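One structure below.
Note that this is a predicted model, so its numbers are computed, not measured.
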Amino acid sequence: MSFPLLTATAVLPAIGAIATAAVPAAQRTVAKWLALLVSLGTLALAITVLVRFDPDGERYQLTESHAWIADFGVRYELGVDGIAVALIALTALLIPFIVLAGWHDADPLETGSRRWRPTQGFFALILAVEAMVILSFEATDVFLFYIFFEAMLIPMYFLIGGFGDRAHEHGEKVASTQRSYAAVKFLLYNLVGGLIMLAAVIGLYVVAGNFSLTEIAEARANGSLDMATNTERWLFLGFFFAFAVKAPLWPLHTWLPNAMQEATAPVAVLITAVVDKVGTFAMLRFCLQLFPEASKWATPAILVLALISIVYGALLAVGQRDMKRLIAYASISHFGFIIMGIFAMTSQGQSGATLYMVNHGISTAALMLVAGFLISRRGSRLIADYGGVQKVAPVLAGTFLIGGLATLSLPGLAPFVSEFLVLVGTFTRYPVVGIIATFGIVLAALYTLVLYQRTMTGPVKPEVSAMPDLRVRELVVVAPLVVLLIFLGVYPKPVTDIVNPAVKQTMSDVQKKDPQPEVEAAK
């Protein structure tokens with residue numbers, strides 16, 4: 001039997017989470033180093049998956065299949081295509097930076113009502129989320145996917161509610177209340193979406209007789225499984241609703257700003273750069289592959305919702321006073337671009353959407369983590385409390401600027417390529433949608449540059465006059481992300497080569513071909 005590489009990639013962080021949680025309370029430093037080493041080991045396994053994956057080979061590779069609940073047709077089935085491989089690599093890459101960035105976020109508190117923060121639990125929960133996200137990307141059994149899609153909510157709930165941001169202008173009591181509110185809101189929104197999806201999963205089993213993604217898709221393709229139109233549409237809506245909550249898509253997005261505001265910066269990155277990607281990934285893997293006709297039927301409405309997300313998220317980002325809420329609304333706008341690219345039903349749009357998932361993860365991590373370093377120094381999330389930072393902490397200001405420019409998709413940085421592909425792919429089939437979506441780019445430039453101008457330029461405020469620049473640990477976190485933003489901005493081919501074959505297969509699932517350009521015949 002060949003080595004179960006996909007299982008190992010998910011099991012290692014799961015075992016690491018248990019081991020980290022079991023470290024004695026007094027050995028906080030040991031727990032931190034153990035979590036970091038486990039995350040690096042997981043990254044090594046993810047790189048092995050990346051190296052062993054053949055973009056021109058079978059659609060699902062490194063597959064594993066074992067009987068699990070045989071009476072109900074549930075199997076432990078894993079397999080990865082190019083899209084899953086790219087997102088597994090993104091997840092495994094970001095977790096070590098999240099661990100390093102949150103090195104002191106769960107240290108004991110010396111003052112206030114919460115004098116002790118279980119450091120071991122903080123890092124164990126991060127590793128647990130990593131394990132569940134990776135398994136979600138790997139699962140090709142619908143029921144197995146659903147289990148981990150829902151299970152990741154529990155550790156995320158405790159990370160948001162139990163380890164919130166210490167920077168709060170109204171004191172610890174109010175901060176604790178708001179953290180609890182944000183955590184409960186996150187949990188309820190996603191649980192409702194998950195329960196609706198569960199009903200759709202059961203309905204799919206009734207119709208198909210099993211939960212295997214590959215078997216159901218093959219049966220749909222060869223005509224041996226013929227769903228009634230209304231049945232397919234209802235099942236599609238059940239799946240899509242859950243994924244739209246996770247994504248998050250307007251109007252199901254309202255949990256995200258609260259969660260990102262109250263969470264620590266590393267946990268905020270975990271939410272939007274890692275966990276939320278499961279929603280958009282699942283739209284490609286499950287909605288389009290299992291319900292191709294319903295996906296085409298719902299496309300006009302979904303494109304309208306994506307457009308609203310793009311413009312609405314960007315407009316609200318412009319008016320934010322809280323730095324972390326601004327980044328949260330910017331992410332809602334970016335997820336609108338991703339979903340628009342997926343449902344544009346063109347190879348450029350879907351390639352751009354997949355590339356956008358990767359690039360958004362890197363750019364948001366860079367911007368949010370630097371913002372977290374800034375907030376930890378000043379003790380405030382409010383933009384108005386800053387000014388002139390670039391004069392006292394130029395490296396911090398410089399990396400903040402690069403993260404911001406990546407957020408607005410400046411040419412030469414990674415998100416530009418993906419956003420350009422999404423817009424081109426959308427415009428070729430839905431020109432009006434593509435034109436309206438470009439307003440999101442203009443608004444992105446506005447909220448990013450205004451944020452930088454208000455925090456980093458101008459006179460130095462007394463409260464930031466003694467602010468230290470980035471330390472070595474913080475530079476180790478930020479510098480690789482900046483390098484990746486530049487590298488993928490000028491040379492995205494390594495990622496596109498992996499995802500393009502999977503995108504072509506997805507286009508084949510929905511029986512869509514790229515529109516041919518209209519060229520006027522020469523006279």
Check your understanding: Considering only heavy atoms from C-beta outward, does the side chain of Leu93 approach that of Leu484 to under 4.5 Å?
Key -> yes
Check your understanding: So, the side chain of Thr506 versus the backbone of Ala502: is there a donor-acceptor pair under 3.5 Å, distance only?
Key -> yes
Study note, to complete from the structure: Nearest heavy-atom approach of Gln505 to Arg59 is OE1-CG, 3.1 Å
**Study point:** Residues which pass salt bridge (Lys or Arg N to Asp or Glu O under 4.0 Å) with Arg471, listed by chain and number, not counting sequence neighbours
**Key:** Glu474
Practice item. Test side chain to side chain contact (heavy atoms under 4.5 Å, CB included) on Gln390 and Leu396 and set out the steps. Key: CA-CA 7 Å; Gln390 68 179 12; Leu396 188 155; over 6 Å; no
Point to revise | Lys246 to Phe149 six-membered ring, cation-pi geometry met (6.0 Å, 45°) | key: yes
Check your understanding: Mind checking whether Tyr146 and Phe143 have parallel, tilted or perpendicular rings, split at 30° and 60°?
Key -> tilted
Review point. Does any non-hydrogen side-chain atom of Thr354 lie less than 4.5 Å from one of Val503?
Key: yes
Exercise for review: May I ask you to check whether over 12 heavy atoms, not counting those of Arg454, lie within 6.0 Å of atom CZ?
Suggested key: no
**Study point:** Val311 side chain reached by Leu307 side chain, heavy atoms, under 4.5 Å
**Key:** no
Revision key, fill the gap. Correct closest heavy-atom pair for Asn500 and Ser351 would be OD1-OG, 2.7 Å
**Study point:** Side chains of Phe186 and Leu153 in contact at under 4.5 Å (non-hydrogen atoms)
**Key:** yes
**Study point:** Short side-chain to backbone donor-acceptor contact, Thr42 and Thr9, under 3.5 Å
**Key:** no
Point to revise | Set of salt bridge (Lys or Arg N to Asp or Glu O under 4.0 Å) partners for Glu150, sequence neighbours left out | key: none
Review point. Any donor-acceptor pair under 3.5 Å linking the side chain of Arg285 with the backbone of Ala139?
Key: yes
Practice item. Evaluate the side chain to side chain contact (heavy atoms under 4.5 Å, CB included) criterion for residues Lys32 and His104: first the C-alpha distance (whole Å), next the side-chain angles of each, then the deciding distance (0.1 Å), finally the verdict. Key: CA-CA 9 Å; Lys32 295 176 184 179; His104 298 297; 3.7 Å; yes
Exercise for review: Would you name the heavy atoms of Ala406 and Leu413 that are closest together and state the gap between them?
Suggested key: N-CD1, 3.5 Å
**Study point:** Geometric class of the Phe400/Tyr452 ring pair [parallel <30°, tilted 30-60°, perpendicular >60°]
**Key:** parallel
Check your understanding: How about Phe335 and His253: are their ring centroids closer than 6.0 Å?
Key -> no
**Study point:** Side chain Asp322, main chain Leu382, donor-acceptor under 3.5 Å
**Key:** no
Review point. Out of curiosity, Leu449 CG to Leu405 CG, how far, rounded to the nearest 0.5 Å?
Key: 7.0 Å
Check your understanding: Say you draw a straight line from CD1 of Ile338 to CG of Leu355; how long is it, rounded to the nearest 0.5 Å?
Key -> 10.0 Å
Practice item. Could you go through the side chain to side chain contact (heavy atoms under 4.5 Å, CB included) check for Leu408 and Ile441 one step at a time? Key: CA-CA 7 Å; Leu408 64 84; Ile441 302 175; over 6 Å; no
**Study point:** Donor-acceptor pair, side chain of Ser376 and main chain of Phe373, under 3.5 angstrom
**Key:** yes
Review point. Is it true that a side-chain atom of Thr364 and a backbone atom of Gly361 form a donor plus acceptor pair closer than 3.5 Å?
Key: no
Check your understanding: Is there side-chain contact between Ile402 and Leu481, with at least one heavy-atom pair below 4.5 Å?
Key -> no
**Study point:** Minimum side-chain heavy-atom gap Thr254-Lys185 below 4.5 Å
**Key:** yes
Exercise for review: Identify the two heavy atoms, one from Pro96 and one from Leu36, that lie closest to each other, and give their separation to 0.1 Å.
Suggested key: O-CD1, 3.9 Å
Point to revise | NE2-OG1 distance between His360 and Thr407, expressed to the nearest 0.5 angstrom | key: 7.5 Å
Review point. Side chains of Ile15 and Val11: does their closest heavy-atom pair fall under 4.5 Å?
Key: yes
**Study point:** Over all atoms of both residues, closest heavy-atom pair of Asp141 and Leu144
**Key:** OD1-N, 3.0 Å
Check your understanding: Is Asp469 reaching over with its side chain to a backbone N or O of Val395, donor-acceptor style, under 3.5 angstrom?
Key -> yes
Practice item. Look only at the side chain of Arg377 and the backbone of Pro468, and say whether a donor-acceptor pair between them is shorter than 3.5 Å. Key: yes
Practice item. Kindly compute the distance separating OG (Ser309) from CE (Met340), expressed to the nearest 0.5 Å. Key: 11.0 Å
Practice item. For Ser333 and Gly313, work out which heavy atoms get closest and say how close. Key: CB-C, 4.2 Å
Review point. Hey, what do you get for CD1 (Ile160) to CE (Met156), rounding to the nearest 0.5 Å?
Key: 4.5 Å
Review point. Is Phe158 atom CZ crowded by more than 12 heavy atoms from other residues, nucleotides or ligands, each under 6.0 Å away?
Key: no
Review point. Short question: side chain of Trp255, backbone of Val245 - any donor-acceptor pair under 3.5 Å?
Key: yes
Exercise for review: Just do the side chain to side chain contact (heavy atoms under 4.5 Å, CB included) check on Phe148 and Val133 with the steps written out, would you?
Suggested key: CA-CA 7 Å; Phe148 293 106; Val133 169; over 6 Å; no
Review point. Do Thr346 side-chain atoms and Gly425 backbone N/O form a donor-acceptor pair below 3.5 Å?
Key: yes
Check your understanding: Do you see a donor-acceptor pair shorter than 3.5 Å between the side chains of Tyr356 and Glu419?
Key -> yes
Review point. When you look at CZ of Arg52, are more than 12 heavy atoms from neighbouring residues, nucleotides or ligands closer to it than 6.0 Å?
Key: no
Review point. Does the side chain of Thr264 come within less than 4.5 Å of Phe122's, by heavy atoms?
Key: yes
Review point. Say you draw a straight line from CE of Met323 to CZ of Arg381; how long is it, rounded to the nearest 0.5 Å?
Key: 10.5 Å
Practice item. Flag the pair Phe286 / Phe145 as yes when their ring centroid distance falls below 6.0 Å, and as no otherwise. Key: yes
Exercise for review: Run the ring-centre check on Phe343 versus Phe240 and record whether the distance is less than 6.0 Å.
Suggested key: yes
